Amino acid sequence: MRIQRLNEHTRKNLLEDLLKRSPNQYPQYEERVAAILADVRERRDQAVFDLTKKFDGADICAENIEVSEEEIQEAYASADPSLLEILRKAKENIRVYHEKQKRYSWFDSKPDGTLLGQKVTALSRVGVYVPGGKAVYPSSVLMNVIPAKVAGVDEIIMVTPPGKDGKVNPNTLVAAKEAGADRIYKVGGAQAIAALAYGTESIPKVDKIVGPGNIYVALAKKAVYGHVSIDSIAGPSEILVLADETANPRYVAADLLSQAEHDELASAILVTTSEELSQRVSEQVEAFTAELSRADIIKKSLENYGYILIADTMEDAIDVANEIASEHLEIVTKNPFDVMMKIRNAGAIFLGEYSSEPLGDYFAGPNHILPTNGTAKFFSPLGVEDFLKKSSIIAYSREALEGIHTDIERFAEAERLTAHANSIKVRFESKEQGDEA
């Protein structure tokens, strides 16, 4: 990992470098994605079958595109019982955490006959995208499906790429069943997003699409936004560790590599006030990398987006952490809670040396589907609220409206919207006519 002194020049270069990883920086893929979306919109099922054969090598048709109950039972039969037990523990932690995010309708009535409120309603049908390809992610199944279930979504449709044999990984299927997915379809990539957004003969149209994926999935979600809602446009994974001289270099190195192994575009950054720690972490990163199974991916990731930045003060380190707005932020300092209070921008914050990032990925309960590429400045983790919508409630009695109707009429007339004004005025015509008489 490259070691640099943190200053205005290195900060500027780092931020520009990280921006290159955004899905918005890959216009060369947009044309291909648009063609796939148009194909699915026009040819529906047949396009999905053809594209799945082309990209995944799987023979999918109307008879086998939906995962059957028999396939789910086969998945349970082949699942490792110990992994299933762990998955159920994680499921419960995730459920309990998200239960605390629930929102309820509220109404506020007053003696004058005014009633205002907010009606909270769960979405009817959502689509959950679960990646396949380079790795299998049953944890993403839990993180996507459980908040939707807690929110009260009527129907949860899951899509995930099949293997060449036309089957879905057993661990993914078991996780989907445990989490509460209602229907599961064997389709991935941009074609899966198109099917969820527009609907096909086999796959129903949904109201919202959630879940991370590759560049094609990210750009497809961006393109269909408006036909359906989406959670966010996910970019490559990233971690920033904020550390002082008290941090354990072995722990820090291990945590940095936990994200670097995702893919070549993953970002791993250490910002520290300790020059000694920076050297020791760098050495430990090299030692670990030589032992790890995904060493080739890690090396490319670190070569492209791996940094160790030495800050003069903790205030400077915090400033750059807020500017980067990392997906995952670990704070490994003498007083991590004090530092945390100064953090404005991060997807998930991990405090102390025993709160390693994979704890959040798999088990603790908070969602691991997080804002990336600096979007933690304005986006939040996936949660129950993503699966709810709100309607404003307004109810006035005649008496309540009577005291303010002239104010509303004057406001509307000031905007030259005389029909607006008239809509209020007609309700008091008889009174005004009586006054004139």
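Scope of the values below: all heavy atoms of this structure, side chains included, with no hydrogens, waters or symmetry mates. Computed from a prediction, not measured in an experiment: that's the story for all the values here.
The shortest side-chain heavy-atom distance between L257 and T289 falls under the 4.5 Å cut-off. Counting only heavy atoms from C-beta outward, the side chains of V126 and V206 never approach each other to under 4.5 Å. Using a 4.5 Å cut-off on side-chain heavy atoms (C-beta onward), I65 and I203 make contact. Looking at I184 and L173, their side chains come closer than 4.5 Å, going by heavy atoms from C-beta outward. E330 places a side-chain heavy atom less than 4.5 Å from the side chain of E357. I331 has its side chain out of reach of F350: every pair of non-hydrogen atoms, C-beta onward, lies at least 4.5 Å apart. For the pair E245/L277, no side-chain contact is recorded, criterion being any heavy-atom separation below 4.5 Å from C-beta on. V128 places none of its side-chain heavy atoms less than 4.5 Å from the side chain of T160.
Y362 OH: 12 or fewer foreign heavy atoms inside a 6.0 Å radius. Within 6.0 Å of the CZ atom in F378, the count of heavy atoms belonging to other residues, nucleotides or ligands exceeds 12. More than 12 non-hydrogen atoms from other residues, nucleotides or ligands lie less than 6.0 angstrom from CZ of F107. Environment of OH in Y76: crowded, with over 12 heavy atoms of neighbouring residues, nucleotides or ligands closer than 6.0 Å. Counting non-hydrogen atoms of neighbouring residues, nucleotides and ligands closer than 6.0 angstrom, the NZ atom of K377 exceeds 12 such neighbours. Shown here is E31, whose CD atom has no more than 12 heavy atoms of other residues, nucleotides or ligands within 6.0 Å. Taking a 6.0 Å sphere around CD of E276, one finds it holds 12 or fewer heavy atoms contributed by other residues, nucleotides or ligands. Atom CZ of R32 has more than 12 neighbouring heavy atoms from other residues, nucleotides or ligands inside a 6.0 Å radius.
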Counting only pairs under 3.5 Å, give me each side-chain donor-acceptor contact of residues 302-309, with atom names and distances, residues two or more places apart or in other chains.
{"from": "N304", "atom 1": "ND2", "to": "E264", "atom 2": "O", "distance (Å)": "3.4"}
{"from": "N304", "atom 1": "ND2", "to": "K300", "atom 2": "O", "distance (Å)": "3.0"}
{"from": "Y307", "atom 1": "OH", "to": "D17", "atom 2": "OD2", "distance (Å)": "2.4"}

Just distance, no hydrogens or angles: give the donor-acceptor pairs under 3.5 Å from side chains in residues 382-396, sequence neighbours left out.
{"from": "E385", "atom 1": "OE2", "to": "R103", "atom 2": "NE", "distance (Å)": "3.4"}
{"from": "D386", "atom 1": "OD2", "to": "G383", "atom 2": "N", "distance (Å)": "2.8"}

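Between the OG atom in S202 and the CZ atom in F49 there is a gap of 4.5 Å [rounded to 0.5 Å]. Separation of atoms CG (N64) and CD (E66) is listed at 11.0 Å; rounding is to 0.5 Å. With rounding to the nearest 0.5 angstrom, the NZ atom of K177 is 9.0 Å from the CG atom of D182. With rounding to the nearest 0.5 angstrom, the CG atom of L370 is 11.0 Å from the CG atom of D231. The CD1 atom of I209 sits 12.0 Å away from atom CG of N144, with the distance rounded to the nearest 0.5 Å. A distance of 10.5 Å separates CG in L142 from CG in N93, rounded to the nearest 0.5 Å.
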Full working for salt bridge (Lys or Arg N to Asp or Glu O under 4.0 Å) between E283 and R280: CA-CA 5 Å; E283 293 164 7; R280 294 178 67 190; over 6 Å; no
Intermediate values then yes/no, side-chain contact (heavy atoms from CB on, under 4.5 Å), L6 and I310: CA-CA 5 Å; L6 179 62; I310 304 170; over 6 Å; no
Worked check of side-chain contact (heavy atoms from CB on, under 4.5 Å) between V228 and K221: CA-CA 9 Å; V228 293; K221 286 172 69 178; over 6 Å; no
Worked verdict on I60 versus V48 for side-chain contact (heavy atoms from CB on, under 4.5 Å): CA-CA 8 Å; I60 297 297; V48 170; 5.8 Å; no
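At distances below 3.5 Å, not a single donor-acceptor pair connects side-chain atoms of D207 with backbone N or O atoms of S229. A donor-acceptor pair is defined here as one N or O able to donate and one able to accept, closer than 3.5 Å; such a pair exists between the side chain of R294 and the backbone of H262. A distance-only check finds a donor-acceptor pair linking the side chain of S105 to the backbone of V120 [under 3.5 Å].
A salt bridge does not link K334 to D244: none of the charged nitrogens lies less than 4.0 Å from a carboxylate oxygen. By the 4.0 Å N-to-carboxylate-O rule, E92 lies too far from R88 to be salt-bridged with it. Between D312 and R5 there is a salt bridge, with a side-chain nitrogen of the basic residue lying less than 4.0 Å from a carboxylate oxygen of the acidic one. Ion pairing between D56 and K186 fails under the 4.0 Å rule for side-chain N and carboxylate O. Between K12 and E16, at least one side-chain nitrogen of the basic residue sits less than 4.0 Å from a carboxylate oxygen of the acidic one, meeting the salt-bridge criterion. A salt bridge does not link E413 to R416: none of the charged side-chain nitrogens sits closer than 4.0 Å to a carboxylate oxygen.
Nearest heavy atoms, G235 versus T372: N-OG1, 2.7 Å. In terms of heavy-atom proximity, G213 sits nearest to Y129 at CA-CE2, 4.2 Å. Here the closest non-hydrogen pair linking V145 and A181 is CG1-N, 3.7 Å. S301 and S267 make their closest contact through OG-N, 4.5 Å (heavy atoms, listed as atom of the first residue, atom of the second, distance). The two atoms that bring A79 and V174 nearest to each other are CB-CG2, 4.1 Å, heavy atoms only.
Ring geometry, Y29 versus Y216: the interplanar angle exceeds 60°, so the pair is classed perpendicular (tilted spans 30 to 60°).
E155 pairs in a salt bridge (Lys or Arg N to Asp or Glu O under 4.0 Å) with only one of the listed residues (K205, R183, K149), which is R183.
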